[in-house]
Amino acid sequence: METIATRTANSYAEAYNKSISEPEAFWAAQAAQIAWYEQPKQILTTDANGFYRWFKGGKLNTAYLALDYHVENGRGDQTAMIYDSPVTNTVRKYSYSEFRDLVARFAGALRGLGVGKGDTVVIYMPVIPEAVIAMLACARLGAVHSVVFGGFAPHELSVRIDDAKPKVVVSASCGIEFDKHIPYKPLLDKALQDSQHKPDHTIILQRPYVQATMQPGRDLDYEELLQKATPADCVPVDANDPLYILYTSGTTGKPKGIVRDNGGHAVALKFSMKAVYDVDPGDVFWAASDVGWAVGHSYLVYAPLIHGCTTVLFEGKPVRTPDAGTFWRIIMQHNVKVLFTAPTAIRAIKKEDPDGTYKQMYDLPSLKCLFLAGERCDVATYHWAKDLLKVPVVDHWWQTESGWPMVANMAGFGLMPAKPGSAGKPVCGYKVEILGEDGHELIPSQEGYVAVKLPLPPGCLPTLWEDDKRFFHSYLERFPGYYMTGDGGYMDEDGYVYIMGRIDDVINVSGHRLSTGEMEEMVASHPAVAECAVVGISDELRGQRPIGLVVLKDGKKISEEQLEQELVALIREKIGAVAYFKNALVVNRLPKTRSGKILRKIIRNIADGEHYAIPSTIDDPAILTEIHNDLKARCIGNAFIQ
Ligand code: COA
Ligand code: AMP
């Protein structure tokens with residue numbers, strides 16, 4: 001089925017202009033592309049806080065759209081999902097009918113434990129079919145899921161459990177990282193021990209590789225529960241009811257609970273599949289992401305299924321599972337039309353196989369396009385992938401908050417000429433502007449705050465979980481009438497947008513969004529630390545990695561080596577190994593302004609070997625030379641790697 005936009009608009013410009021000048025007409029037409037139990041009564045409204053809401057009064061069920069709708073409309077035998085897991089030597093295909101039945105049964109199991117509309121369920125699982133089943137089962141009941149990335153340590157999990165207050169937590173006995181089994185249950189037990197909120201039950205999938213120890217009464221076996229369960233029907237929910245919460249890093253230790261509603265989400269994702277990715281129902285779409293990230297939610301689970309595609313669920317890494325040819329093997333074996341991954345994954349492949357030798361082993365006629373997001377795509381990676389795969393490479397920009405692309409080269413309208421280094425042009429519905437400090441729009445090529453004029457299109461966060469105030473303060477307060485994205489960048493004369501990086505304390509490590517502010521709080525909690533700064537410096541493979549600069553308390557006797565070891569262990573224990581915190585430097589002083597603000601950006605610039613201007617407000621410029629020498633002595637940072 002073609003979307004209205006592609007039928008009535010011949011070009012990107014026509015569709016985009018309509019989406020901005022007549023948003024209600026534009027999105028009403030897109031809303032007609034999904035099945036509602038009751039049509040929306042209003043397209044765009046504001047709530048008591050003045051926050052925008054889409055499709056008020058509409059009734060639908062997202063799991064119905066993702067599965068039952070297709071079974072009822074002739075796709076029952078089509079493969080809904082291919083689980084490809086080189087780490088367990090498994091390839092398993094699920095038809096739409098089979099997957100619908102599994103989801104309905106697991107929804108019945110959850111219902112049997114008292115989970116109903118509006119209740120929350122935390123899912124802490126590796127990239128396995130049961131994670132997707134659990135998500136869709138919640139959606140089927142109108143319950144709100146919150147998936148927590150399996151690489152997070154107990155502390156991060158318990159913070160999320162305390163905020164989401166789940167009735168049930170669904171987990172598995174282990175995840176698999178290359179050839180290592182990571183037992184999840186001890187991590188979950190520790191998180192539950194530390195959390196204030198105690199869920200009624202956990203449901204544990206016992207994988208054959210690790211047997212989890214169960215606490216009788218509280219912990220229930222996934223398979224046993226599924227066997228006994230009776231299928232549950234889809235529960236109609238309101239368009240504005242929450243579908244899920246996904247926590248993402250903000251600038252403090254408390255992650256932000258991004259809320260996704262049901263109606264706007266379904267409409268936006270359905271639209272994006274054709275308009276942004278140019279895929280049709282029946283096509284194979286592969287987002288090589290973890291279910292714990294926004295990409296995993298939107299483009300591994302919901303969008304491809306709502307659009308009637310076949311989605312690929314990949315449990316592995318781009319390299320060493322077993323080699324740097326895994327991605328190409330999967331594309332060939334499953335006839336993948338579009339691959340969506342992070343630049344860091346391509347860099348990992350390039351590092352292990354710079355000449356693309358593995359690619360020569362596979363013929364990829366099915367592949368039409370490679371989409372990259374999650375971090376800035378460096379020009380070298382763009383060209384390497386394009387030359388290797390000989391298909392268009394599309395960098396596109398979005399965030400957990402938006403849930404779908406904000407800037408892209410919209411393939412559904414025919415690709416525009418690419419400009420390497422740019423993520424493309426604003427996607428339909430997003431009026432992207434570059435603002436200066438005073439909130440005025442800047443002229444082309446001037447770098448400033450990347451903001452989106454309100455209203456945001458459907459699918460974007462309506463608020464933060466039970467925290468309207470923080471939502472307003474984090475995103476809407478700084479520039480009235482705009483959503484502040486937290487990214488800096490510029491737009492060129494032709495309207496192409498260049499995203500240059502975060503303007504806050506958020507960094508991107510291997511495509512994982514992490515808070516340096518949170519790490520700073522943890523480093524500062526060490527008894528020997530008087531004050532500290534954690535900054536993200538450039539990393540060839542991971543994009544960025546955090547380092548800590550630490551000032552010791554007077555009289556504390558600890559060697560730099562010992563302190564570094566303890567801080568590395570602390571971050572690993574609290575956030576997880578994914579944080580990739582490897583260096584802590586003891587310095588005499590931190591560079592600050594006279595008002596006491598730490599000049600983190602300049603520390604980053606020094607480490608990266610970038611030019612920087614010394615602010616007139618700096619307290620003592622001599623500290624910059626000290627920091628330069630300290631980093632150099634330890635060979636930390638691109639500027640000092642020997
Ligand atoms: N569960 C448990 N541990 C995990 C984990 C998970 N889901 N994911 C990562 N880790 C651990 C790793 O085992 C590693 O631990 P170690 O220090 O004990 O070895 C550590 O976290 C760092 O992992 P990572 O940064 O992933 O490094 P890596 O060397 O294992 O892999 C890449 C490097 C680039 C191959 C990998 O990061 C990758 O595939 N990145 C792409 C990510 C992506 O697609 N993001 C998209 C989001 S849109
Ligand atoms: P996340 O919420 O984890 O998806 O991370 C969102 C952040 O990743 C954005 O705010 C950007 O800083 C960064 N990001 C995502 N995609 C891109 C891109 N294509 N180019 C530059 N930065 C990106």
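Order of listing sets the numbers, starting from 1, for every ligand and every atom in it.
- Taking distance alone, with nitrogen or oxygen atoms compared against 3.5 Å, Asn508 approaches ligand 2 more closely than that limit.
- Counting only distance, with no hydrogens or angles, the side chain of Thr321 and the backbone of Val87 share no donor-acceptor pair below 3.5 Å.
- Atom 32 (C) of ligand 1 lies below 4.0 Å from none of the non-hydrogen atoms of the protein.
- Ring-plane geometry between Tyr244 and His297 is classed as tilted, the angle between the planes lying from 30 to 60 degrees on a 0 to 90 degree scale.
- Residue contact check: Ala577 has heavy atoms under 4.0 Å from atoms 11 (C), 15 (O), 17 (O), 20 (C), 21 (O), 22 (C) of ligand 1.
- Under a 4.0 Å criterion applied to the non-hydrogen atoms of Gly511, ligand 1 contributes the atoms 47 (C).
- The shortest non-hydrogen separation linking Pro242 to Val144 is O-CG2, 3.7 Å.
- For atom 5 (O) of ligand 2, the nearest protein heavy atom (residue, atom name, distance) is Arg513 CD, 3.5 Å.
- Tyr83 has its ring centre no less than 6.0 Å from the ring centre of Phe314.
- Checking Pro343, Gly374, Gly488, Ala294 against atom 14 (N) of ligand 2, the nearest heavy atom belongs to Gly374.
- Distances from ligand 1 to the non-hydrogen atoms of Gly374 include no value under 4.0 Å.
- When all heavy atoms of Ile204 and Leu188 are compared, the closest pair comes out as CD1-CD2, 3.9 Å.
- Within the 4.0 Å heavy-atom criterion, both parts of Val578, backbone and side chain, lie near ligand 1.
- Between His512 and Trp293, the ring planes lie parallel to each other; the angle is under 30°, not in the 30° to 60° tilted range.
- Taking any N or O of Lys317, backbone or side chain, at least one lies under 3.5 Å from an N or O belonging to ligand 1.
- Each of the following atoms of ligand 2 lies closer than 4.0 Å to a heavy atom of His396: 16 (N), 18 (C), 19 (N).
- A donor-acceptor distance shorter than 3.5 angstrom exists from the side chain of Trp404 to the backbone of Pro458, with no hydrogens or angles considered.
- Ring geometry, Phe479 versus Tyr482: the interplanar angle exceeds 60°, so the pair is classed perpendicular (tilted spans 30 to 60°).
- Lys574 NZ: 12 or fewer foreign heavy atoms inside a 6.0 Å radius.
- Of all atoms in ligand 1, listed by their number and element, those nearer than 4.0 Å to a heavy atom of Tyr184 are 1 (N).
- When the options Leu313, Thr311, Ile82, Ile331 are evaluated for a side-chain contact (heavy atoms from CB on, under 4.5 Å) with Trp286, the one that passes is Ile331.
- Between Arg604 and Asp608, none of the side-chain N atoms (NZ, or NE/NH1/NH2) sits under 4.0 Å from a carboxylate O, so this pair counts as no salt bridge.
- Close approach of ligand 1 to Ala288 is summarised as follows: ligand atoms under 4.0 Å from at least one heavy atom of the residue are 44 (O).
- Closest to atom 40 (N) of ligand 1, if we only count protein heavy atoms, is Thr344 CG2, 3.7 Å.
- Close contacts between ligand 2 and Arg376 involve ligand atoms 20 (N), 21 (C), 22 (N), 23 (C) [criterion: under 4.0 Å to a heavy atom].
- Listed by number with element, the atoms of ligand 2 under 4.0 Å from a non-hydrogen atom of Ile499 are 21 (C), 22 (N).
- If you check each of Lys351, Arg542, Glu177 against atom 28 (P) of ligand 1, the one with the closest non-hydrogen atom is Arg542.
- Residue contacts with ligand 1: Arg347 is excluded, as none of its non-hydrogen atoms falls under 4.0 Å.
- Between Pro318, Gly175, Ser298, Ala294, it is Pro318 that holds the heavy atom closest to atom 38 (C) of ligand 1.
- Below 4.0 Å from some heavy atom of Val295 lie the following atoms of ligand 1, by number and element: 48 (S).
- Taking the six-membered ring where the residue is Trp, Phe51 and Phe471 present perpendicular rings, their angle passing 60° and hence far from 30°.
- Nearest-residue assignment for atom 10 (O) of ligand 2 (options Asp487, Asp504, Asp395; heavy-atom criterion): Asp487.
- Contact annotation: for Gln399 versus ligand 2, heavy atoms closer than 4.0 Å belong to both the backbone and the side chain.
- With contacts defined as side-chain heavy-atom distances shorter than 4.5 Å, the pair Tyr358/Glu352 does not qualify.
- Residues Tyr277 and Tyr299 place their aromatic rings such that the two centres sit under 6.0 Å apart.
- With respect to the salt-bridge test (charged N to carboxylate O, under 4.0 angstrom), the residues Lys419 and Glu493 do not qualify.
- Atom numbering of ligand 1 starts at 1 in the shown order; those under 4.0 Å from a heavy atom of Gly151 are 1 (N), 2 (C), 5 (C), 6 (C), 7 (N).
- Among Ala287, Ala373, Ser289, Ser510, the residue whose heavy atom lies closest to atom 43 (C) of ligand 1 is Ser510.
- The protein non-hydrogen atom at the shortest distance from atom 2 (O) of ligand 2 is Thr400 OG1, 2.5 Å.
- Annotation: Lys180 places an N or O atom under 3.5 Å from an N or O atom of ligand 1; distance criterion only.
- Between Gly150, Gly316, Ala342, it is Ala342 that holds the heavy atom closest to atom 46 (C) of ligand 1.
- By the 3.5 Å distance cut-off applied to N or O atoms, Arg572 is counted among the residues near ligand 1.
- Counting the atoms of ligand 1 from 1 in the order shown, those under 4.0 Å from a heavy atom of Phe149 are 7 (N), 8 (N).
- Every atom of ligand 1 with a heavy atom of Phe178 under 4.0 Å away is listed here by number and element: 30 (O).
- Scanning the protein for heavy atoms near atom 18 (C) of ligand 2, the closest one is Glu375 O, 3.2 Å.
- Neither side chain, Asn508 nor Arg542, offers a donor N or O lying under 3.5 Å from an acceptor on the other.
- Gln206 places a side-chain heavy atom less than 4.5 Å from the side chain of Gln211.
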Query - Derivation and outcome, side chain to side chain contact (heavy atoms under 4.5 Å, CB included), residues Glu315 and Thr88 - result: CA-CA 8 Å; Glu315 187 184 23; Thr88 61; 4.0 Å; yes
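- Atom 6 (C) of ligand 2 has its closest protein heavy atom at Trp398 O, 3.6 Å.
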